[in-house]
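These values consider heavy atoms only, across backbone and side chains, with no hydrogens, waters or symmetry-generated copies.
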There are 2 protein chains.
Amino acid sequence: MSDQNRGKIPTIHDVARIAGVGIGTVSRVINHSTGVKPATRQRVQAAIEELRYSPNLIARSMISRNTGAIGIIVPFFTRPFFIEVLQGAVAAITHMGRELVLYNVETNDQRDRYFRDLPGQRKVDGLLVISLSPDDVAASAFRQAGMPVVLVDAYHPLLTSLVVDNIEGAYQAVKCLIAHGHRRIGFINGVTEGNFRFNQANDRLIGLHRAIGEAGLLFEPELVLTAPWDRQGGKQAALQLLARADRPTAIFAASDVQAIGVLEAARSLHLSVPADLSLIGYDDIEMAEVLELSTVQQPMKRMGELGVQKLLACIGGTADGEFLPELIRLQPSLMMRHTVIHTAPNV
Amino acid sequence: MSDQNRGKIPTIHDVARIAGVGIGTVSRVINHSTGVKPATRQRVQAAIEELRYSPNLIARSMISRNTGAIGIIVPFFTRPFFIEVLQGAVAAITHMGRELVLYNVETNDQRDRYFRDLPGQRKVDGLLVISLSPDDVAASAFRQAGMPVVLVDAYHPLLTSLVVDNIEGAYQAVKCLIAHGHRRIGFINGVTEGNFRFNQANDRLIGLHRAIGEAGLLFEPELVLTAPWDRQGGKQAALQLLARADRPTAIFAASDVQAIGVLEAARSLHLSVPADLSLIGYDDIEMAEVLELSTVQQPMKRMGELGVQKLLACIGGTADGEFLPELIRLQPSLMMRHTVIHTAPNV
DNA sequence: TTGTATGCGTTATCAT
DNA sequence: ATGATAACGCATACAA
């Protein structure tokens with residue numbers, strides 16, 4: 001009895017036949033519709049059990065015109081920042097009994113293909129886009145296709161966007177460094193690899209400028225470097241910064257992973273943090289706590305969670321795509337741990 | 001022109017109408033079938049562009065009976081070990097132009113529901129299961145439903161399984177500690193939360209026993225503790241171990257995240273690693289390198305990648321589910337960094 | 001070379 | 001309360 005119908009997946013028709021009813025009735029019991037006589041309901045249930053039937057979700061999607069899935073487009077999903085955003089998003093998605101389709105992007109091409117194709121394919125009911133900004137044509141294509149989209153850590157006027165104030169975050173960090181007596185402050189920014197995270201990097205630079213200007217300090221272009229958003233990038237940039245005769249007494253890194261690279265660089269140079277070098281990172285990933293790294297905290301899980309909630313609101317609450325874009329601003333906050341101290345008054 | 005048909009997704013019929021052909025022809029050009037006159041092909045292409053048409057993948061799946069998606073069932077996907085396995089898997093999936101549906105599981109219930117429902121739902125063409133072992137009924141249900149499955153870091157006789165030798169890994173670690181003169185060795189194992197990672201934890205314990213037995217040492221049960229697979233777990237367990245009058249001179253942790261917790265515990269106790277305490281972790285996650293943690297390396301990315309490859313082989317190479325289970329063994333390797341030294345001969 | 005009809009497994013709208 | 005039947009959007013066999 002176990003092998004004779006191997007590989008044959010039962011359909012609603014099989015259930016109907018076994019139970020001796022029509023498919024309509026089976027459909028009704030599956031969907032918990034009212035108006036089924038308890039006796040027949042029993043028979044149908046029994047048939048379902050016997051056949052181990054479970055409804056073909058593809059066929060269901062075909063007619064119901066929704067898939068129960070949320071798509072997330074995210075660059076380099078293994079990086080800690082994205083992981084923590086994803087964590088919040090997944091929690092919300094799972095909590096709502098939905099599925100997650102993950103679209104990892106590592107090149108401009110991939111990103112553009114996803115933006116172009118995903119709306120029409122109808123494999124997901126909505127799209128959460130993380131740290132990637134669609135251009136105008138992509139954005140209007142989303143709207144035209146009636147595909148709900150929310151942007152997290154990215155912005156477009158036509159789309160609901162959830163941003164955190166990167167200018168403010170960078171400003172706070174640099175201001176703090178200045179308040180601790182630092183005058184030569186190195187800034188390791190992230191590259192805008194194929195325009196990924198373009199605004200983010202730019203805003204952090206603006207925040208730096210603001211803090212420096214406000215303190216009446218001179219901006220020294222040779223102290224700002226641009227490096228990949230990873231440990232190696234941070235390490236190399238720090239090495240370069242720290243090799244200078246007039247090396248900075250403090251470094252502000254655009255991300256915690258880069259800051260970790262700075263820590264590695266300092267170690268290899270036998271420089272002690274914070275005794276010889278103060279350091280502030282950005283994001284507040286889990287490792288920042290372990291390393292006692294002072295950093296600018298972003299509410300990453302909250303961003304993912306809130307993004308999904310907004311997205312589900314769009315999906316659920318619209319008769320025909322009549323959702324209007326919303327701009328949600330979240331605030332970063334400076335998280336002081338043990339990588340910042342006052343400079344020795346050696347100048 | 002931009003708003004009059006907003007929300008209306010074009011179908012193959014629309015394209016056919018615009019191009020002035022039948023839907024069969026449109027279908028043929030979409031699927032690059034031969035036997036379409038270049039001229040009409042042009043017209044169809046033009047219509048597709050004009051309408052920004054892209055085929056409804058749901059409808060296509062309905063008839064082709066495959067979805068182009070791979071499902072991955074993974075517990076606590078944000079933990080570094082799983083992230084690295086996922087990284088390898090995603091690379092392989094993306095490389096093959098497929099989609100990833102991520103099923104994150106945090107409870108026994110979730111796991112069992114996924115095992116029970118996913119095969120019949122046909123939302124994915126195959127399932128990669130990470131660090132979770134289906135029971136016999138689940139395993140045979142997979143086979144019966146004709147759903148290709150491969151297990152990574154888990155084992156079941158009916159399913160293709162990819163395992164790494166945890167006994168050997170633990171054995172090597174403890175043996176190394178013993179070779180460095182350690183006699184009192186603490187072991188922080190991971191809990192088998194709802195039977196997750198049951199074999200893994202058990203095998204590590206067996207490896208420990210083997211090394212201890214081989215060296216003619218006495219096994220001291222009070223030195224083995226079971227803790228959650230996270231930093232807090234490792235830290236608490238280490239605190240407990242290190243509070244003893246006859247505290248161990250070395251600790252072997254069942255995972256790197258727990259080992260990081262040990263590092264935190266040592267720091268809070270003003271104990272220096274490795275001067276006062278030697279430490280070996282397990283997995284070799286990225287942070288292990290930063291922290292210079294000696295550890296047992298698992299080929300995580302390779303596991304994910306290979307798992308997907310095997311899975312795709314199952315999916316592609318079978319007329320009717322006639323794939324036979326395979327057992328693939330990978331070897332761990334001891335990765336010595338800077339958290340192990342010889343004990344001072346103080347006894 | 002191309003158009004039309006059939007069916008994939010559901011749900012929903014009808015009759016009954 | 002329940003059974004037949006029409007969509008859903010596509011691929012495909014078959015007719016033209």
Side-chain angles (χ1 to χ4, degrees), chain A residues 7-45 47-48 51-69 117 119-125 145-147, chain B residues 7-45 47-48 51-68 117 119-125 145-146:
Chain A
K8 175 74 182 101
I9 297 123
T11 75
I12 199 172
H13 287 97
D14 299 319
V15 176
R17 189 167 37 75
I18 300 289
V21 300
I23 62 167
T25 303
V26 177
S27 181
R28 275 182 282 265
V29 341
I30 292 170
N31 298 293
H32 307 97
S33 297
T34 61
V36 177
K37 190 158 51 176
T40 48
R41 179 180 295 275
Q42 292 299 326
R43 293 219 311 287
V44 173
Q45 292 284 18
I48 289 177
L51 266 46
R52 274 202 187 71
Y53 166 80
S54 89
N56 183 323
L57 261 31
I58 295 292
R60 180 178 289 178
S61 294
M62 180 93 197
I63 171 145
S64 72
R65 318 182 71 76
N66 57 248
T67 64
D117 298 337
Q121 297 184 170
R122 317 314 299 186
K123 295 259 299 189
V124 295
D125 297 337
M147 172 68 69
Chain B
K8 177 72 180 102
I9 297 123
T11 75
I12 200 173
H13 286 96
D14 299 319
V15 176
R17 189 166 37 73
I18 299 290
V21 300
I23 63 164
T25 303
V26 176
S27 181
R28 276 182 281 265
V29 340
I30 292 169
N31 298 293
H32 306 98
S33 298
T34 61
V36 177
K37 190 159 50 177
T40 48
R41 180 180 295 274
Q42 292 300 325
R43 294 219 311 285
V44 173
Q45 293 284 18
I48 289 177
L51 265 48
R52 274 201 187 73
Y53 167 80
S54 90
N56 182 322
L57 260 32
I58 296 292
R60 180 177 287 179
S61 293
M62 182 91 203
I63 172 154
S64 72
R65 318 183 72 74
N66 57 248
T67 64
D117 298 336
Q121 298 184 170
R122 317 311 304 183
K123 295 258 299 188
V124 296
D125 297 337

Report the distance from atom [atom1] of [X] to atom [atom2] of [N], rounded to the nearest whole Å.
X: B:Ile63; N: D:dA11; atom1: CD1; atom2: P; answer: 8 Å
X: A:His32; N: C:dT11; atom1: NE2; atom2: P; answer: 12 Å
X: A:Ile23; N: D:dT2; atom1: CD1; atom2: C1'; answer: 12 Å
X: A:Arg43; N: D:dA1; atom1: CZ; atom2: P; answer: 15 Å
X: A:Met62; N: C:dG7; atom1: CE; atom2: C1'; answer: 11 Å
X: B:Asn56; N: D:dG9; atom1: CG; atom2: P; answer: 7 Å
X: A:Asn31; N: C:dT13; atom1: CG; atom2: C1'; answer: 15 Å
X: B:His13; N: D:dA11; atom1: NE2; atom2: P; answer: 11 Å

Does [N] have its OP1 or OP2 closer than 4.0 Å to a side-chain nitrogen or oxygen of [X]?
X: B:Tyr53; N: D:dG9; result: no
X: A:Thr40; N: D:dT2; result: yes
X: B:Arg65; N: C:dG9; result: yes
X: B:Thr25; N: C:dG3; result: yes
X: A:Ser27; N: C:dT10; result: no

(message) Once rounded to the nearest 0.5 Å, what's the spacing between atom CG of A:Leu57 and atom CE of A:Met62?
(response)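 If we round to the nearest 0.5 Å, A:Leu57:CG and A:Met62:CE are 14.5 Å apart.
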
(request) Using a 4.0 Å heavy-atom cut-off across all strands, classify B:Gly20 as base, sugar-phosphate, or nothing. (result)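 Sugar-phosphate contact only - B:Gly20 comes under 4.0 Å of backbone atoms but never of a base.
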
(message) Keeping A:Asn56 on the side-chain end and A:Ile58 on the backbone end, is there a donor-acceptor pair under 3.5 Å?
(response)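 Yes, the answer is positive, given that a donor and an acceptor are paired below the 3.5 Å cut-off.
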
(message) For A:Ile23, is there any backbone N or O sitting under 3.5 Å from a side-chain donor or acceptor partner on A:Ser27?
(response)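 It does not hold such a pair.
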
(request) Using the closest heavy atom to pick a nucleotide of DNA chain C for each, name whichever of B:Ala59 or B:Val36 lands nearer the 5' end. (result)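 It is B:Val36, whose closest nucleotide lies nearer the 5' terminus.
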
(request) Determine whether more than 12 heavy atoms belonging to other residues, nucleotides or ligands lie under 6.0 Å from atom CZ of B:Arg52. (result)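 No - once you tally the heavy atoms of other residues, nucleotides and ligands closer than 6.0 Å, there are 12 at most.
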
(message) Within the 4.5 Å heavy-atom criterion, are B:Ile9 and A:Arg65 side-chain neighbours or not?
(response)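 Side-chain contact under 4.5 Å: no.
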
(request) Ignoring hydrogens and angles, answer whether the base of D:dG3 and the side-chain atoms of A:Arg28 contain a donor-acceptor pair closer than 3.5 Å. (result)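 Checked by distance alone, the answer is yes.
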
(message) What's the closest nucleotide to the side chain of A:Lys37 if the choices are D:dA1, D:dT5, C:dT4?
(response)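 Shortest atom-to-atom distance from the side chain points to D:dA1.
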
